[in-house]
2 protein chains.
Amino acid sequence: MQFSKSTAYGLHALMLLAKSERGRNVGIKELSSSLGASESYLSKIMSKLRQDGLVRAVTGVNGGYELARAASEITFLDVVQVLEGRQHLYECFHGSDHPLPALEAAGDEPETPEFAFGEGCPVKQVMDAAEQQMNRYLQQHTIQLALNQAGSCDAHTACKK
Amino acid sequence: MQFSKSTAYGLHALMLLAKSERGRNVGIKELSSSLGASESYLSKIMSKLRQDGLVRAVTGVNGGYELARAASEITFLDVVQVLEGRQHLYECFHGSDHPLPALEAAGDEPETPEFAFGEGCPVKQVMDAAEQQMNRYLQQHTIQLALNQAGSCDAHTACKK
DNA sequence: ATATAATGGATATTACAGATCCATAATAAA
DNA sequence: TTTATTATGGATCTGTAATATCCATTATAT
């Protein structure tokens with residue numbers, strides 16, 4: 001399990017937008033060269049962020065992207081949910097709803113089958129709660145907050161401790 | 001981003017082992033039919049759990065698996081780390097070490113490239129801390145604990161609230 | 001010796017992230 | 001109005017990791 005590269009790109013792109021002066025559009029060329037990502041790939045990511053209302057986009061000359069709201073109003077959770085999707089991290093196999101399509105004569109042992117755990121499954125309860133812990137933290141941390149962190153070193157660039 | 005099916009199977013398999021009487025080996029047939037997973041696939045998972053010291057395995061007649069230590073000493077984090085790997089959930093693109101192989105003349109804008117964020121990257125700091133929140137929760141919750149939860153309904157089976 | 005049961009290697013299959021290309025639409029400036 | 005610029009969305013390709021199966025081997029109780 002890993003966060004996708006898209007999420008890394010998206011988060012960093014937003015950091016760059018947050019750094020740029022308000023009102024100025026940042027083009028995909030600038031973003032992609034700053035991040036070392038291809039324009040075409042990063043475009044897709046920016047489109048998603050726009051569709052979800054995190055950034056605004058203007059086409060044409062002098063167009064580009066800017067934050068749709070203050071950096072202090074954009075949480076890491078917002079970004080993660082757009083780019084990773086909103087499904088739960090954990091599922092109790094086979095979609096967690098239908099009780100397994102096929103399971104004919106299962107060989108010898110006709111045990112009580114214990115699959116098809118729904119919302120009440122104790123395993124799922126723990127896993128969901130664990131996810132919740134992470135999400136809560138992500139929700140409490142905004143782009144602005146991270147930007148401030150960066151400020152104490154060299155605004156968002158290297159800063160190896 | 002999703003937990004793998006392997007993790008779901010592994011966790012549930014351990015729940016079953018924890019339920020079975022101590023000293024009795026549970027074979028792969030029994031496990032797989034209870035969980036609705038194929039024997040061959042579940043075998044791989046059990047092998048990993050064994051290699052990591054979470055279960056013991058005995059080959060031959062009356063063989064099978066049992067917990068290698070008390071269910072109260074096996075945390076969800078133990079299981080997740082075996083089956084999902086121990087890498088961090090978040091990486092700042094391209095492996096986070098080498099400074100990007102190729103990046104010849106990047107077109108027009110010779111900006112200061114802002115990639116290759118190491119450990120000090122403010123984005124990574126937030127993401128790592130978020131992961132830490134989840135891991136801490138997983139570490140605090142053991143198989144035994146989940147089993148107790150299940151007990152209050154119908155030991156590990158349905159229990160839709 | 002035999003049946004049972006886990007192991008590990010090899011290999012197939014599938015799904016999805018990663019990545020690119022192109023035709024289209026929108027916009028500013030000439 | 002034309003032109004250059006810039007984002008958009010569809011289609012598609014690729015690579016890789018998760019899923020899944022098969023089989024030969026090893027270990028063990030009877």
Separation of [N] [atom2] from [X] [atom1] (nearest whole Å):
X: Ile28(A); N: dA26(C); atom1: CD1; atom2: P; result: 19 Å
X: Tyr65(A); N: dT27(C); atom1: OH; atom2: P; result: 14 Å
X: Ile45(B); N: dG8(C); atom1: CD1; atom2: C1'; result: 15 Å
X: Asn25(B); N: dA6(C); atom1: CG; atom2: P; result: 8 Å
X: Leu31(A); N: dT5(D); atom1: CG; atom2: P; result: 18 Å
X: Glu84(A); N: dC16(C); atom1: CD; atom2: P; result: 14 Å
X: Lys48(A); N: dA7(D); atom1: NZ; atom2: C1'; result: 17 Å
X: Glu91(B); N: dA17(D); atom1: CD; atom2: C1'; result: 14 Å

field: Distance, nearest 0.5 Å, that separates CZ of Phe76(B) from CG of Leu11(B)
entry: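 One gets 5.5 Å once the value is rounded to the nearest 0.5 Å.
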
Looking at the side chain of [X], which of [options] is the nearest nucleotide?
X: Ser43(A); options: dT8(D), dG8(C), dA20(D); answer: dT8(D)
X: Ser6(A); options: dG18(C), dT19(D), dT8(D); answer: dG18(C)
X: Tyr41(A); options: dT20(C), dG8(C), dT7(C); answer: dT20(C)

message: So Gln2(A), base contact, sugar-phosphate only, or nothing? Heavy-atom distance under 4.0 Å.
response: nothing

- request: Pick base, sugar-phosphate or nothing for Glu39(A), based on heavy-atom distances below 4.0 Å to the nucleic acid.
  value: nothing

For [X] and [N], is the shortest distance between a side-chain N/O and OP1 or OP2 below 4.0 Å?
X: Lys5(A); N: dA19(C); result: yes
X: Tyr9(B); N: dA18(D); result: no
X: Ser47(B); N: dA6(C); result: no
X: Gln51(B); N: dT7(C); result: no
X: Asn62(B); N: dT30(D); result: yes
X: Arg50(A); N: dA7(D); result: no

Is a donor from one side chain sitting under 3.5 angstrom from an acceptor on the other, for [X] and [Y]?
X: Gln140(A); Y: Thr75(A); answer: no
X: Ser6(A); Y: Tyr41(A); answer: yes
X: Gln139(A); Y: Asn135(A); answer: no

Position toward the 5' end of DNA chain C (nearest nucleotide), Ser4(A) or Val58(A): Ser4(A)

field: Given DNA chain D, 5'-ward residue of the pair Phe3(B) and Gly64(A), judged by closest heavy atom
entry: Gly64(A)

query: Relative to the ring of His12(A), is the ring of Phe93(B) parallel (under 30°), tilted (30 to 60°) or perpendicular (over 60°)?
result: perpendicular

- request: Scan residues 46-55 of chain A for pairs that pass side chain to side chain donor-acceptor pair (under 3.5 Å), counting only residues two or more places apart or in two chains.
  value: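 For residues 46-55 of chain A: Asp52(A)-Arg86(A).
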
Phe3(B)/His88(A) aromatic ring centres below 6.0 Å: no

query: Looking at Glu131(A) and Arg136(A), does any basic side-chain N land under 4.0 Å from a carboxylate oxygen?
result: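 The answer is no: the pair does not qualify as a salt bridge.
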
- line: Protein heavy-atom contacts under 4.0 Å, written 5' to 3' over nucleotides 22-27 of chain D as B (base), S (sugar-phosphate only) or - (none), form the string -----B

